[in-house]
Amino acid sequence: MWSLWAASIGGYGRNSPIDGDRSFAQRHRGVGSVPVTGQRVVRRALGRRLTRLRVAAGKLRREVAEEKLGISEATLHRIENGKVPVTVANVRVLCWLYGVDKSATDALAELALGTNQQEWWDTNPVIPEWFKLYVGLEASATRIFSYDGEVIPGELQTEEYARAVFTAENPGDDNAARRQVALRLDRQKMLFARTPRPRLTTILGQGALTREVGGSDALGAQIDHLREINRQQHVDIRVLPWSVGAHAAMAGAFRILELDDPDDPDVVYLESHVGALYLEEPHEVEEYRRVFKLISCDTVPIDEYA
């Protein structure tokens, strides 16, 4: 299923190591700077800010609910976890309770407006609900690191390769295949049209470049396409050869999405056939960074792959 959904962006730039430091400005932006996209991502960002303010004010959710502000403990839990739209009125009353100054309150109130705004993926019936948060994070990410040992990621797939991947899991449904492939290609166009473009690094296992998805001609065209994309300055496609043997990422495919806003932690995305897991605890993300760095040492550029 990774090949159908999360296969949509990947990694860091050609001269940009995964543990490279971000600029001081990027790491210390104020509450008024909110480079987020999509209602789910905005809800996530606003929820984090409100949680931090509540904790700084020394209040439990139960105590907030007891203030009779019209916000129950259950509702506050959903707001802070980014599960629901948030009204401007609720943001302002919470900021009043937490003793937040006017400028920060105004910035958070403006952010609340985005918790109802829908992007194209929010109403697209082809995209499963559990993947829509990823699409928003993807549209906000400045760097995306990805590893896949079995399949070319969706953002790098040719039309023929994408069709073969989908029909392998959904044989006989030609109409669905056309919709999925069209969606895949549209997302590719939007990704590479972004300004500024995200810095992408994809590490592919050699198996992804030898399995004849769609046949030998389709695979050959796919590899040529990878080499062409790799000429772009913000893209770095690398290969982990069979000759490496055992390696640190043998547990499976993963993605690390980096976001500039310090209030939005970086995320590791893991996918199954029926859903996805979003890891954002610092120790979890750092473990996947460690794994990515380890396998990076054994890779070769796609242009050197025979």
Side-chain angles (χ1 to χ4, degrees), residues 1-11 124 126-128 131 134-135 138 144-193 200-232 234-247 249-255 269-274 276 295 298-306:
M1 198 65 170
W2 170 271
S3 59
L4 295 183
W5 297 112
S8 64
I9 308 192
N124 192 313
V126 175
I127 303 176
F131 188 60
Y134 176 86
V135 181
E138 168 186 290
I144 308 171
F145 308 79
S146 68
Y147 164 73
D148 202 310
E150 279 290 307
V151 65
I152 308 300
E155 72 276 10
L156 304 176
Q157 291 175 4
T158 63
E159 182 175 351
E160 188 173 2
Y161 187 100
R163 184 177 295 105
V165 168
F166 182 81
T167 55
E169 289 198 8
N170 300 271
D173 195 341
D174 293 339
N175 288 332
R178 282 192 291 272
R179 290 194 299 269
Q180 294 289 351
V181 172
L183 175 63
R184 176 79 36 93
L185 298 178
D186 285 344
R187 290 182 61 201
Q188 288 180 12
K189 292 176 183 176
M190 284 183 281
L191 168 63
F192 287 100
L200 315 176
T201 292
T202 298
I203 293 179
L204 300 171
Q206 189 171 343
L209 299 177
T210 55
R211 186 179 299 281
E212 295 187 354
V213 174
S216 59
D217 289 344
L219 178 61
Q222 175 65 74
I223 293 174
D224 289 343
H225 182 64
L226 292 175
R227 292 192 172 115
E228 181 179 352
I229 293 176
N230 194 56
R231 296 191 184 103
Q232 301 186 40
H234 68 294
V235 178
D236 189 12
I237 303 172
R238 309 187 67 84
V239 181
L240 188 65
W242 290 123
S243 58
V244 170
H247 59 83
M250 294 179 72
F254 63 91
R255 292 186 171 224
Y269 178 85
L270 306 172
E271 187 174 301
S272 72
H273 285 266
V274 294
I295 62 174
D298 294 320
T299 62
V300 297
I302 184 70
D303 289 339
E304 296 179 16
Y305 172 73

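- With sequence neighbours left out, R179 forms a side-chain hydrogen bond (donor to acceptor under 3.5 Å, both in side chains) with no residue at all.
- For residues 156-165, every residue pair satisfying the salt bridge (charged side-chain N to carboxylate O under 4.0 Å, His left out) rule, not counting sequence neighbours, is listed here: E159-R163.
- Contact annotation: the side chain of Y161 approaches that of V151 to within less than 4.5 Å [non-hydrogen atoms, C-beta and beyond].
- Ring geometry for F254 against Y147 counts as tilted: the plane angle lies between 30° and 60°, on a 0 to 90° scale.
- Every residue two or more places apart in sequence or in another chain that forms a side-chain hydrogen bond (donor to acceptor under 3.5 Å, both in side chains) with T299 is listed here: R238.
- To the nearest 0.5 Å, atom CZ of residue R227 and atom CD1 of residue I237 are 10.5 Å apart.
- To the nearest 0.5 Å, atoms CD1 (I229) and CD (Q157) are separated by 10.0 Å.
- Side-chain N or O atoms of Q206 include none that pairs as donor or acceptor with a backbone N or O of V239 at under 3.5 Å.
- Considering only residues two or more places apart in sequence or on other chains, R178 meets the salt bridge (charged side-chain N to carboxylate O under 4.0 Å, His left out) condition with none of them.
- Side-chain contact between Y305 and L204 is absent, with no heavy-atom pair separated by less than 4.5 Å.
- Inter-residue side-chain proximity for E155 and E138 is flagged as unmet; no heavy-atom pair is nearer than 4.5 Å.
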Side-chain donor-acceptor contacts of residues 212-226 below 3.5 Å, not counting sequence neighbours, with atom names and distances?
unit_1, atom_1, unit_2, atom_2, d
Q222, OE1, T158, N, 2.9
Q222, NE2, L156, O, 2.8

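- The distance from the CZ atom of F166 to the CG atom of D173 is 6.0 Å, given to the nearest 0.5 Å.
- With rounding to the nearest 0.5 Å, the separation of CG in N230 from CD1 in I302 is 7.0 Å.
- Two residues are said to be in side-chain contact when any heavy atoms from C-beta on lie closer than 4.5 Å; L200 and T202 fail this criterion.
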